[in-house]
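Written out below as structure tokens is the structure these notes cover.
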Amino acid sequence: MTGDQLPSTSKRSGAPVSLRSVVKSFDKYRAIDDVSLDIEPGEFITLLGPSGSGKSTTLMMIAGFEQPDTGQVLIDGVDVTRVPAYRRNIGMVFQSYALFPHLTVAENIGFPLKQRGVGKSEILERVSRMLDLVQLAGFDARFPQQLSGGQQQRVAIARAIVFNPPVLLMDEPLSALDKQLRENLQFEIKRLHDSLGITFIYVTHDQKEALVMSDRVAVMNEGRIAQIGAPETLYDSPASHFVASFVGEANFLKPDAITADAKGAVIRIGDATLRTGGPNGAHDGTLCMVRPEKLTVRRPGGGADASVNMLQGTVRDTVFMGEMIRYVIELPNGALMTAKQPHRAGTPILSQSEPAAIEWDVADTRLV
């Protein structure tokens, strides 16, 4: 199979991508501050972060639209740092899709092949296969303005992969879509990745999008990678307050004292004693973190076993949200905790000003 052939339906690997001590500044602002990153062949990795974190600049340097001040960009082991974008042979899906309005769907998808001198009959065959892959068979004669936003997005992806690139870059391609369509297309993109097996590098500021789609997520902040890992690792074991607060919702409690024993960390908050489990006890964090959905809210009474942490408080707000009840609980020291309780038959709903007990598993307690 040559580099311009369409991939078969069997799994294949894309190219590895590496950044080596990359630095990029704009005037006096350092947008990328000594970033190193290794992306495995065929991996789906997401660069996640707030505006100004450096994620899009990093993607543009991999694409070749920006060049680092220092450091290297390698694709498939080849240094492409000074190679222009058009010679890197990688696919790119932009936030705006960038479809040609005067070309049909088939002509848009076939454009990269035409530029590469592929014959007309082969272009027709590849475009047809792409339309099937992105579930747009029968749309070949339509123009972009006759398509929905989700359909345009699929055309943009088909155009980016029709020439069989080893790497596909995607810069917030779902940001302009409504919530329901966006969620549906997340699974479609993941399906395409699993089918093609090429390396996907995706940029977003939406943490749920990153968690749903990625093999690994690199959380960026102020031009650096704050943490990189599998979605469940970032969510359950964040390395810092920033990662914990950006990747999902979290409660943070300021301990009065933190000690450690053979079982983990021992945290004192007022009259209550909390525990963490396992190696987290050696963490040098200063805040106790627990996710709202890990909490169980009930009326006071009864004890708790050693595997459960418990705090007492008062309900300050109760919001019925359909599938869940959202509580805001005030602790005796004035701190507020948010809990998300699944809405199930037989589960009582506590009212504002009621006393409440909050429980959660010791294993779900983190120091950050």
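Residue numbers count from 1 along this sequence. The basis for the numbers below is simple: all heavy atoms, side chains too, and nothing from hydrogens, waters or symmetry mates.
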One pair to check against side chain to side chain contact (heavy atoms under 4.5 Å, CB included): Ile109 and Val155. What are the steps and the verdict? CA-CA 7 Å; Ile109 296 173; Val155 174; 4.0 Å; yes
Candidate pair Met170 and Ile189, rule side chain to side chain contact (heavy atoms under 4.5 Å, CB included), full reasoning: CA-CA 10 Å; Met170 307 183 78; Ile189 291 173; 3.9 Å; yes
Hey, are the side chains of [X] and [Y] touching, using non-hydrogen atoms and a 4.5 Å cut-off?
| X | Y | value |
| --- | --- | --- |
| Leu48 | Leu211 | no |
| Leu19 | Ile32 | no |
| Arg142 | Leu147 | yes |

Using a 6.0 Å cut-off, check whether atom [atom1] of [X] has over 12 heavy atoms from anything other than its own residue.
| X | atom1 | result |
| --- | --- | --- |
| Glu330 | CD | yes |
| Phe187 | CZ | no |
| Arg87 | CZ | no |
| Asp271 | CG | no |

Quick one: do Lys24 and Met60 satisfy side chain to side chain contact (heavy atoms under 4.5 Å, CB included)? Show the steps, please. CA-CA 11 Å; Lys24 178 66 178 179; Met60 291 300 104; over 6 Å; no
Between the main-chain N or O of [Y] and the side-chain N or O of [X], is there a donor-acceptor pair closer than 3.5 Å?
| X | Y | result |
| --- | --- | --- |
| Tyr327 | Leu350 | yes |
| Asp33 | Gly223 | no |
| Thr199 | Pro16 | no |

Cation-pi between Arg159 and Phe100: NZ/CZ under 6.0 Å from ring centre and within 45° of the ring axis? yes
Is it true that the NZ or CZ of Lys254 lies under 6.0 Å from the centre of Phe252's six-membered ring and within 45 degrees of the ring axis? no
Can a salt bridge be assigned to the pair Asp261 and Arg275 using a cut-off of 4.0 Å between side-chain N and carboxylate O? yes
Report the relative orientation of the aromatic rings in Phe65 and Phe94; use parallel for angles under 30°, tilted for 30 to 60°, perpendicular for over 60°. tilted
Could you tell me how the ring of Phe44 sits relative to the ring of His193: parallel (under 30°), tilted (30 to 60°) or perpendicular (over 60°)? perpendicular
Within this structure, what is the [atom1]-[atom2] distance for the pair [X] and [Y], rounded to the nearest 0.5 Å?
| X | Y | atom1 | atom2 | answer |
| --- | --- | --- | --- | --- |
| Ile157 | Leu185 | CD1 | CG | 7.5 Å |
| Ile269 | Asn333 | CD1 | CG | 7.0 Å |
| Ser307 | Glu359 | OG | CD | 9.5 Å |
| Leu331 | Met337 | CG | CE | 6.5 Å |
| Asp79 | Arg20 | CG | CZ | 10.5 Å |
| Leu174 | Asn184 | CG | CG | 10.5 Å |

What do the steps show when you test Lys208 against Glu183 for salt bridge (Lys or Arg N to Asp or Glu O under 4.0 Å), and what is the final call? CA-CA 9 Å; Lys208 289 185 179 179; Glu183 291 177 354; over 6 Å; no
Would you kindly say whether Ser18 and Asp38 are connected by a side-chain donor-acceptor distance under 3.5 Å? yes
Should Val203 and Val35 be counted in the same cluster of Ile, Leu, Val, Met, Phe, Trp and Tyr side chains packed under 4.5 Å apart? yes
Take Val73 and Arg88 through the side chain to side chain contact (heavy atoms under 4.5 Å, CB included) test and state the conclusion after the steps. CA-CA 11 Å; Val73 178; Arg88 296 193 185 191; 4.3 Å; yes
My understanding is that only residues two or more places apart in sequence, or in another chain, count here; which of them pass side chain to side chain donor-acceptor pair (under 3.5 Å) with Glu249? Arg326, Lys340
Measure across Val93 and Pro173 and return the closest heavy-atom pair with its distance rounded to 0.1 Å. CG1-CB, 3.9 Å
For Ile267 and Cys288 the tightest heavy-atom approach is CD1-SG, 4.1 Å
